[in-house]
Amino acid sequence: MRVVVDLTRCQGYGQCVFLAPDVFTMHGQEALMYDTDPDDAQREHVLRAAAACPVQALHVDRMATQHRTVEPELRHPTSDVDGEFKRNGHIVIVGASLAGGRAAGVLRRDGFKGKVTLIGDEKHQPYDRPPLSKQVLTGRVDAEHTMLPHLREIEVEWLAGTPATGLDIGAKQVTLADGRQIGFDKVLIATGARARPWPIEAEAALDGVYVLRTLDEADRMRRRLAAGVNRVLIIGAGFTGSEVASVCRGLDLEVTVVEAGPAPLVGALGRVIGDIAAGMQRDAGVDLRCGVTVTELVGDEQGRLTGARLSDGGTVEADMAVVALGAVRNVEWLEGSGLAAGPWGVATDAGCRAVDINGLVTDDIFVAGDVARFPHPVYHYQFMSLEHWGNAVAQAEIAAHNMLSDQAHRWPHLSLPVFWSNQFGVNIKSVGVTSIADEVVIAQGSVEERRFVAVYGYKGRITAAVTFDQAMWLDFYRDLIERATPFPPDYRMVGRPDEMRPVPAEVPQRMAPAAGATVVVTGHDPAERRVSLVRQQP
């Protein structure tokens, strides 16, 4: 039995905990943990929990779609060419990820009868990543139990453990690491991202140094923790680093977190929320050191990690280090393909169609998930890349639909990004984009109790909201964002403070779109003017 909880929808009511306590647990007020592959003896309890969920976020042996066509198959009029493609065409999906697996399912749901080839560099079928930094590290859930339901039942040619190394747009072929070339009529790029490694290879190779992004990485970390660890060093206090710190403190381990910024989560949520997160970590017993960096990881003669030296002259003893310095998008295999692909990801239009280096939209190449960089109309058509579970799901469904649709029936990807994190017994959720905000205000609840809603604004309009153990309010603020509601919000709401005082959001400036690359424009006549992508040397 496979259980999936769509935590973008879950509002922490806890009905599942009452009805299936051996499968679901609530840490703190709203932080839900669950067994993704419970024993079949729990099926009746889980089914009752699914039926009782007020927001229908719990799914058994399936993954509910976020975007549905009116009928099971696309019924709008199609040309003979489109009809032939749906019956006998070949779609290749590069990336056996959450996005890749979801797209394959939607293609079949919407009536594609042709061949689907799914290419993945890992040997595992698509799995759920959020449990890796939570249930898997604690040993509550085996790594193999994070597999997503029903991919095996979708009729696909699955090439596992075979990375793609090149894309030839003209010949419509994907080249694999073993030399094979796979032809396609249309291709979906869903290669996602990988954990950014420690930059010094010799130090990264020390026994005890880990990154966390994949199922295998999580399993190795779990086994190391189970074998016994004295002190854990975590480098970076973003969401992954903070979640690992929470798990390790829950295992009663000594934990030091080193963060270059002024507080945890500042890069994503700004200084105001970051200071609150810092208090959570210190109250939980984390040795949190902000405004410093690790300058060297130190090992003994046997190549085992013993500690680290810091930029302020201090040192940390540790026999395990987790490098949590963000992600690197998997675009290297697209070098020379002619697509607008770089450290920012692969540029697309709002319908998930890839953009080439000249800024032209392609017809048969689509992109979804962490690797996609797309314009969002709600945010002034700014291009953004989102490493969110909900975005990967929604964008994959849009891409799959548009691969089977003509221009008149394509959908735009307009879903507002939703993100969640469970750490130190608190359920943190956000909707919208916080990184462009200039102000933030506590609109409901109590910061002291760490149960509140923070609302972000930009130039007098609401752009995002972040909740701490107040997830039931997220849909309300999502609606305000979509209706361009003035900031600060002026509503009579439960827990509204007597006076709302907006303060600067203090969100760091994001990476410029052209960081790490530039272009050269050649030619004079419009028919011959072209762009060449020039990569800067590191």
Side-chain angles (χ1 to χ4, degrees), residues 27-31 33 130 132-140 195 198 208-212 218 221-222 224-226 228-295 297-298 305-326 420-429 447-452 466 468-469:
H27 293 247
Q29 299 288 331
E30 294 183 7
M33 302 286 187
L132 300 183
S133 59
K134 305 172 183 71
Q135 294 101 306
V136 172
L137 291 189
T138 64
R140 175 180 172 84
W198 184 247
V209 178
Y210 297 85
V211 295
L212 178 59
M221 285 182 60
R222 179 197 60 78
R224 183 59 176 256
L225 290 169
V229 171
N230 294 318
R231 189 177 191 92
V232 179
L233 167 65
I234 298 172
I235 307 171
F239 283 109
T240 298
S242 297
E243 289 176 0
V244 174
S246 175
V247 167
C248 291
R249 284 302 299 141
L251 297 173
D252 202 28
L253 297 173
E254 296 296 318
V255 177
T256 297
V257 174
V258 176
E259 165 58 38
L265 310 183
V266 167
L269 303 180
R271 181 65 183 270
V272 174
I273 303 302
D275 286 342
I276 298 169
M280 286 170 45
Q281 293 204 16
R282 292 190 170 110
D283 287 351
V286 173
D287 176 13
L288 176 63
R289 307 190 190 188
C290 296
V292 297
T293 59
V294 172
T295 58
L297 293 175
V298 181
L305 176 74
T306 59
R309 295 188 177 93
L310 308 183
S311 60
D312 62 359
T315 60
V316 175
E317 293 184 359
D319 52 350
M320 179 176 179
V322 181
V323 180
L325 297 175
W420 75 88
S421 175
N422 294 339
Q423 49 186 272
F424 305 100
V426 175
N427 182 29
I428 303 173
K429 295 189 75 171
V447 170
E448 291 72 22
E449 297 176 4
R450 292 170 186 150
R451 188 174 172 84
F452 63 87
V466 172
F468 276 46
D469 281 346

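These numbers come from the heavy atoms of this one structure, side chains and all, not from hydrogens, waters or symmetry mates.
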Check your understanding: Who pairs with R224 by side chain to side chain donor-acceptor pair (under 3.5 Å), at least two apart in sequence or on another chain?
Key -> D207, Y210

At their closest point, which heavy atom of [X] faces which heavy atom of [Y], and how far apart are they?
X    : Y    : value
C290 : R282 : SG-NH2, 4.5 Å
N230 : D319 : N-OD2, 3.0 Å
F424 : S246 : N-OG, 2.7 Å
D469 : G425 : OD2-O, 4.1 Å
S242 : Q281 : OG-NE2, 3.1 Å
P264 : A278 : CD-CB, 3.6 Å

Taking side chain as C-beta onward, heavy atoms only, is [X] less than 4.5 Å from [Y]?
X    : Y    : result
Q423 : F239 : yes
L325 : W198 : yes
L225 : M320 : yes
V322 : L233 : no
I428 : I273 : no
N422 : N427 : yes
V247 : M221 : no

Quick one: pull up [atom1] in [X] and [atom2] in [Y] and give me the separation to the nearest 0.5 Å.
X    : Y    : atom1 : atom2 : answer
R231 : T306 : CZ    : OG1   : 13.5 Å
T295 : D312 : OG1   : CG    : 9.0 Å
R271 : L265 : CZ    : CG    : 12.5 Å
E259 : I235 : CD    : CD1   : 11.5 Å

Check your understanding: Judged by atom type as modelled, is there a donor-acceptor pair below 3.5 Å linking the side chain of S311 to the main-chain atoms of T293?
Key -> yes

**Study point:** R309 (side chain) donor-acceptor with G313 (main chain) under 3.5 angstrom
**Key:** no

Point to revise | Side-chain donor-acceptor pair present, R289, T256, cut-off under 3.5 Å | key: no

Point to revise | The single option from V232, V316, L288 passing side-chain contact (heavy atoms from CB on, under 4.5 Å) against V257 | key: L288

